[in-house]
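Below: the structure, in structure tokens.
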Amino acid sequence: MASIDPSARVDSKATLGEGVFIGPWCQVGPEVRLGDAVRLDSMVVIEGRTQIGPRARLHHGAVVGTAPQDLKYRGGVSSVTVGADTVIREYATVNRATNDDETTVVGSHNLLMAYSHVAHNCILGDHVILANSVNLAGHIEIGDYAIIGGVTPVHQFVKIGAHTIIGGGSRVPMDVAPYVKAAGTPLKVFGLNSIGLERRGFPEETREALRRLYRIFFRTSLLRPQAIERIRAELPPLPEIQYFCDFVERSTRGIAR
């Protein structure tokens, strides 16, 4: 049974799971679906066709599912999905997608720190961390376990690979390959995210292959197609190698070097 503060405004058509807690002055719209044990602390606003996964927690002032800040928006029936065990901190915002049947996706076990913003049509994987005041423009894709440091704007349509870490105060106008560290304005790559890969249990064989990949792609004068061809020819066909190559080949904004 849900626990709802008397000051909260929860539409009778909203779907509430078992053990949901809705604190003071929250607003929950009619198409909202809250999974089991979701917690809304206070003054949280959830609108639109929004689904929040089990055990997610939204802190004071978080706003999820509101209309996109997109001049192309014409009132389409779009949505937001937030996965299980995700934490959305104070005053963070997540906008729904722009057009009919499109979805903004925030995966499971993510942490969106205070004042971060996820714009329309973004797709975030699992275990992603957005530090304070990270601002994502529309249509951004972020892979699993990526970390973006505070006060960092990310340009629309940028893709950020899995297990990447981006330093705070950077500006991200182009794609960032998987498994690397990047920072600065202009944005530059500063080696593999070696500590992160080790902490997440990547075997030594895989980490050594990624070190060789890094040297070929980032430390030679080869053009992107030539570098990928050499990587595929010389390195073992590990899933991580294939993911890196596929990521680079589908990049349209260019890869930070």
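In this text, all values refer to a predicted model and were calculated from it rather than measured experimentally.
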Counting only heavy atoms from other residues, nucleotides and ligands, does the tally under 6.0 Å from CZ of R211 exceed 12?
yes
By the ring pair (Phe, Tyr, Trp, His ring centres under 6.0 Å) test, which pairs, at least two apart or in different chains, include something from residues 207-240?
Y214-F218, F217-F244
Evaluate the ring planes of Y91 and Y115, with Trp represented by its six-membered ring, and classify them as parallel (under 30°), tilted (30 to 60°) or perpendicular (over 60°).
parallel
Heavy atoms of other groups near R33 CZ, more than 12 under 6.0 Å
no
So with a 6.0 Å cut-off around CD of E208, is the heavy-atom count from everything else above 12?
yes
Measure the SG-CZ distance between C26 and R39 for me, rounded to the nearest 0.5 Å.
9.5 Å
Could you label the plane-to-plane angle of the H163 and Y179 rings as parallel, tilted or perpendicular, counting under 30° as parallel and over 60° as perpendicular?
parallel
Side chains of T103 and S79: do they bring a donor and an acceptor to under 3.5 Å?
yes
Give a yes or no on this: more than 12 heavy atoms of other residues, nucleotides or ligands lie within 6.0 Å of atom CZ of R9.
no
Less than 4.0 angstrom from a charged side-chain N to a carboxylate O is my criterion; do R49 and D100 meet it?
no
For E249, does the CD atom sit with more than 12 other heavy atoms under 6.0 Å from it, leaving out its own atoms?
yes
D11 meets the salt bridge (Lys or Arg N to Asp or Glu O under 4.0 Å) criterion, sequence neighbours left out, with none
If you measure from the Lys or Arg side-chain nitrogens to the Asp or Glu carboxylate oxygens, is any gap between R250 and E141 under 4.0 Å?
yes
Side-chain ion pair, R207 and E240, N-O less than 4.0 Å
no
Hey, could you give me the CD1/CG distance between I142 and N110, rounded to the nearest 0.5 Å?
9.0 Å
Sequence neighbours excluded, the answer for side chain to side chain contact (heavy atoms under 4.5 Å, CB included) partners of H139 is H120, N121, F157
When you look at NZ of K13, are more than 12 heavy atoms from neighbouring residues, nucleotides or ligands closer to it than 6.0 Å?
no
Looking only at side-chain N and O atoms, does T98 offer a donor or acceptor that is under 3.5 Å from a partner on D70?
yes
